[in-house]
Amino acid sequence: MQKVLICDLKKYIGQEITLRGWLFNKRSSGKVIFVILRDGTGYLQCVYFKGNVSGETFDAADKIGQESSIEVTGKVKEEPRAEGGYELDATDLKVIQNTHDYPITPKEHGIEFLLDNRHLWLRSKKQVAILKIRHRIVKAIRDFFDDKGFTLMDPPILTPNAVEGTSTLFETKYFDLGSAYLTQSGQLYAEAGAMALGKVYTFGPTFRAEKSKTRRHLTEFWMVEPEVAFADLNDDMDLAEEFLEYIVQTVLKNNIDELKTLERDISKLKNVKKPLPRITYDEAIEILKKKNIELEWGKDISGADETIISNQFDRPVIVHRYPAEIKAFYMKRDPENPKVALAMDVLAPEGYGEIIGGSQREDDLDELLKRIKEHNLPQEAFDWYLDLRRYGSVPHSGFGLGLERTVSWICGLDHLREAIPFPRMIYRNTP
RNA sequence: UCCGCGUUAGCUCAAUGGUAGAGCAUUCGGCUGUUAACCGAAGGGUUGUAAGUUCGAGUCUUACACGCGGAGCCA
């Protein structure tokens with residue numbers, strides 16, 4: 001007897017096969033029991049007719065509870081009445097473990113309960129679809145950079161100090177060396193890598209201890225950060241738009257079924273092709289002004305205002321040249337207007353907000369020293385970073401993309417917590 | 001840190017200050033094509049915690065705990 005996966009079913013039409021998995025749901029009508037099997041690759045309706053199977057098998061099928069682990073045997077046939085188009089004419093059932101009282105019933109549940117049971121919630125249809133799309137996005141990210149000659153470089157997760165000096169960090173004791181902090185960005189290390197390898201990217205978890213309590217925040221999230229030597233801000237924006245197009249089009253190509261499960265409106269995703277519209281911060285203020293919103297020059301664009309701006313476009317929009325004051329110390333000033341930084345953010349459509357933030361880096365040693373002083377940062381902590389400007393400094397740029405925000409946008413989720421298997425939020429670190 | 005909302009059966013929710021209820025889940029029974037199947041029955045409760053007002057509190061008051069959403073900050 002061949003053991004096959006539900007995703008490979010169509011190769012076995014007319015054959016008797018065995019599948020293993022879990023009982024997703026069950027319906028019965030006296031002499032016929034419909035067992036919906038779930039194996040991680042799909043869902044299959046298995047039909048147990050009283051006359052076609054032994055009495056013990058029929059009783060066993062009648063008694064299994066939701067999420068029991070089972071092994072089913074039967075003949076595959078095409079069946080338009082079954083979801084998915086295939087059905088198993090079952091002849092046998094082996095119960096690996098019968099279980100009852102599975103907490104997550106096929107009815108609605110509140111978010112607190114679902115998060116408490118996240119380890120089980122992952123089995124539900126929607127969560128399986130999200131996990132598969134997240135995997136596809138991660139693979140697309142790695143393929144994209146690999147095909148372009150980038151080298152993956154893993155930055156440290158334990159760091160001696162704050163990268164940007166602004167965010168609140170998770171602090172931990174580090175033997176006799178005092179405190180260490182969980183990284184909030186691998187960028188400065190990526191810059192060292194770019195000077196060694198030309199084009200690098202980092203990809204790993206990052207941590208923010210800020211007490212942010214919104215649908216757009218996690219305390220632990222994944223970020224991918226490319227860094228390119230001999231690249232200016234325009235090169236950076238070119239890379240970002242090609243990158244986003246590749247990610248979204250790859251998901252559309254490979255995960256249509258999952259997007260359907262999530263009831264995602266894919267017409268908006270299909271638009272994600274280069275070139276992306278590019279506007280300056282000043283132009284963003286003009287757009288807001290036309291909507292009767294006054295944003296004082298020098299103030300950061302709020303989440304609500306980001307949505308208004310992105311609603312003016314049918315695809316992600318790049319906003320560049322922000323006031324230098326509100327941006328990080330390492331960002332290069334625009335030589336044509338020193339009040340603005342050569343920085344750019346990519347705002348996702350449909351209110352999903354900032355998914356990419358990047359910039360051309362300050363490559364001049366004296367300028368960088370000045371910025372470190374202005375931001376009251378401890379210069380000695382950045383000695384190694386300043387060496388990158390002492391020994392063969394070149395113009396270079398990079399950006400960071402928040403993985404969960406990207407997953408959330410592409411899947412059309414209403415909260416970031418569903419975009420990562422086990423979310424870490426300010427009032428939750430279990431399961 | 002601030003603002004708002006919430007906490008009643010395993011879950012989702014009802015209940016004018018006056019006998020705590022329904023659907024789902026569970027158990028039992030019925031049904032030969034179900035699509036969150038349906039029909040019948042049963043079990044299941046210290047109403048978040050503590051105090052107070054009242055003849056009487058799930059309901060009103062206060063404090064606390066926990067959670068959710070938002071602001072700020074950020075990806």
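Here the structure is a predicted model, which is why all the values come from computation and not from measurement. Labels below follow one simple rule: chain letters A, B, ... track the order of the sequence lines, proteins then strands, and each chain is numbered from 1.
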Legend entry - Carboxylate-amine/guanidinium contact Arg38(A) Glu67(A), below 4.0 Å: yes
Atom pairs under 3.5 Å: protein N/O with N/O of nucleotides 24-30 of chain B:
unit_1 : atom_1 : unit_2    : atom_2 : d
U27(B) : OP1    : His100(A) : NE2    : 3.0

Legend entry - ring pair (Phe, Tyr, Trp, His ring centres under 6.0 Å) contacts in which one or both residues fall within residues 62-86 of chain A, not counting sequence neighbours: none
Inset, instruction - Could you tell me the separation between the CD atom of Glu306(A) and the C1' atom of C74(B), rounded to a whole number of Å? - result: 10 Å
Legend entry - Per His217(A) side chain, nearest of listed nucleotides C74(B), C11(B), G72(B): C74(B)
Inset, instruction - Using a cut-off of strictly less than 4.0 Å between a heavy atom of the residue and any atom of RNA chain B, enumerate the qualifying residues of residues 32-48 of chain A by number. - result: Val32(A), Phe34(A), Gln45(A)
Inset, instruction - State the dot-bracket string of RNA chain B. Criteria: Watson-Crick or G-U wobble, both atom distances under 3.5 angstrom; notation: ( ) intrastrand, [ ] crossing earlier pairs, | interstrand, . unpaired. - result: (((((((..((((....[..)))).(((((.......))))).....(((((..]....))))))))))))....
Legend entry - Residues forming a ring-ring contact (aromatic ring centres under 6.0 Å, His included) with Tyr246(A), sequence neighbours excluded: Phe144(A)
Legend entry - Integer-rounded Å distance: A71(B) P and Ile301(A) CD1: 15 Å
Legend entry - Any residue meeting side chain to side chain donor-acceptor pair (under 3.5 Å) with Glu241(A), in chain and number order, not counting sequence neighbours: Arg278(A)
Legend entry - Spacing of Ile372(A) atom CD1 and Phe382(A) atom CZ [to the nearest 0.5 Å]: 6.0 Å
Inset, instruction - For Leu218(A), report the nucleic acid contact type (base, sugar-phosphate, nothing); a contact means any heavy atom under 4.0 Å. - result: base
Inset, instruction - Provide, to the nearest angstrom, the distance between the CD atom belonging to Glu404(A) and the C1' atom belonging to C74(B). - result: 14 Å
Inset, instruction - Specify the separation, in whole Å, of atom CD of Glu220(A) and atom C1' of C74(B). - result: 16 Å
Inset, instruction - Specify the separation, in whole Å, of atom CG of Asp300(A) and atom P of G72(B). - result: 10 Å
Inset, instruction - Please report, rounded to the nearest Å, how far the P atom of U34(B) is from the CD atom of Glu79(A). - result: 11 Å
Legend entry - Thr73(A)-Thr18(A) side chain donor-acceptor pair, cut-off 3.5 Å: yes
Inset, instruction - Give every residue pair that meets the ring pair (Phe, Tyr, Trp, His ring centres under 6.0 Å) criterion with at least one member in residues 28-63 of chain A, sequence neighbours excluded. - result: Phe24(A)-Tyr43(A)
Inset, instruction - Using side chain to side chain contact (heavy atoms under 4.5 Å, CB included) as the criterion, point out the one residue from Arg81(A), Glu83(A), Glu79(A), Arg27(A) that pairs with Gln45(A). - result: Arg27(A)
Legend entry - Exam field: side chain Gln184(A) to backbone Ala209(A), donor-acceptor pair closer than 3.5 Å: no
Report all interatomic pairs (protein N or O, nucleotide N or O of nucleotides 66-68 of chain B) with separations under 3.5 Å.
unit_1 : atom_1 : unit_2    : atom_2 : d
G67(B) : OP1    : Tyr427(A) : O      : 2.9
G67(B) : O2'    : Glu112(A) : OE1    : 3.1

Inset, instruction - For U1(B) and G21(B), measure between their C1' atoms and round to the nearest Å. - result: 42 Å
Inset, instruction - Could you work out the separation of C13(B) and U7(B) based on their C1' atoms and round it to a whole Å? - result: 13 Å
Inset, instruction - Choose from U34(B), U32(B), G72(B) the nucleotide whose nearest atom is closest to any side-chain atom of Ser302(A). - result: G72(B)
Inset, instruction - Ignoring backbone atoms, test whether Arg216(A) places a side-chain nitrogen or oxygen under 4.0 Å from the OP1 or OP2 oxygen of A71(B). - result: yes
Inset, instruction - Could you tell me whether the side chain of Ser212(A) has a donor or acceptor atom within less than 3.5 Å of a complementary atom in the base of C73(B)? - result: yes
Inset, instruction - Name the nucleic acid region contacted by Asn25(A), choosing base, sugar-phosphate or nothing; use a 4.0 angstrom heavy-atom cut-off, strictly under. - result: sugar-phosphate
Can you check nucleotides 44-47 of chain B for protein contacts, nitrogen or oxygen pairs under 3.5 Å, and list what you find?
none

Inset, instruction - Output all residues satisfying ring-ring contact (aromatic ring centres under 6.0 Å, His included) with His109(A), sequence neighbours left out; order by chain, then residue number. - result: Phe113(A)
Inset, instruction - Hey, which sits more toward the 5' end of RNA chain B by its nearest nucleotide, Gly110(A) or Gly51(A)? - result: Gly110(A)
Inset, instruction - Determine the interatomic distance between C1' on G18(B) and the same-named atom on A57(B); round to the nearest Å. - result: 10 Å
Inset, instruction - Establish, from distance only, whether the side-chain atoms of Gln127(A) and Glu418(A) form a donor-acceptor pair under 3.5 Å. - result: yes
Inset, instruction - Write down the distance between CZ (Phe49(A)) and P (U34(B)), rounded to a whole number of angstrom. - result: 11 Å
Inset, instruction - Please state the P separation for the pair U53(B) and G58(B) - nearest whole angstrom. - result: 16 Å
Inset, instruction - Would you classify Ile104(A) as touching base, sugar-phosphate or nothing, given that sugar-phosphate means primed atoms plus P, OP1 and OP2, and contacts are heavy atoms under 4.0 Å? - result: nothing
Inset, instruction - Salt-bridge test for Lys327(A) and Asp345(A): reply yes if a basic N is under 4.0 Å from a carboxylate O, no otherwise. - result: yes
Legend entry - Least distance between heavy atoms, Leu122(A) atom then Pro421(A) atom: CD2-O, 3.9 Å
Inset, instruction - Please list, chain by chain and in numerical order, all residues satisfying side-chain contact (heavy atoms from CB on, under 4.5 Å) with Arg216(A), sequence neighbours excluded. - result: Thr214(A), Arg405(A)
Legend entry - Qualifying residue for salt bridge (Lys or Arg N to Asp or Glu O under 4.0 Å) with Glu404(A), from Arg417(A), Arg215(A), Arg134(A), Arg424(A): Arg134(A)
Legend entry - Distance between P atoms of G4(B) and U61(B) (Å, rounded): 15 Å
Legend entry - Under-4.0 Å salt bridge between Arg371(A) and Glu367(A): yes
Inset, instruction - Using a strict cut-off of less than 4.0 Å between a Lys/Arg side-chain nitrogen and an Asp/Glu carboxylate oxygen, indicate whether Glu258(A) and Arg264(A) qualify as a salt bridge. - result: no
Legend entry - Gap in Å between the two P atoms, one belonging to C5(B) and one to A63(B), rounded: 14 Å
Inset, instruction - Could you check how far CG of Asp305(A) sits from P of C73(B), rounded to whole Å? - result: 12 Å
Inset, instruction - With sequence neighbours excluded, tell me which residues meet ring-ring contact (aromatic ring centres under 6.0 Å, His included) with Phe145(A). - result: Phe150(A), Tyr201(A), Phe243(A)
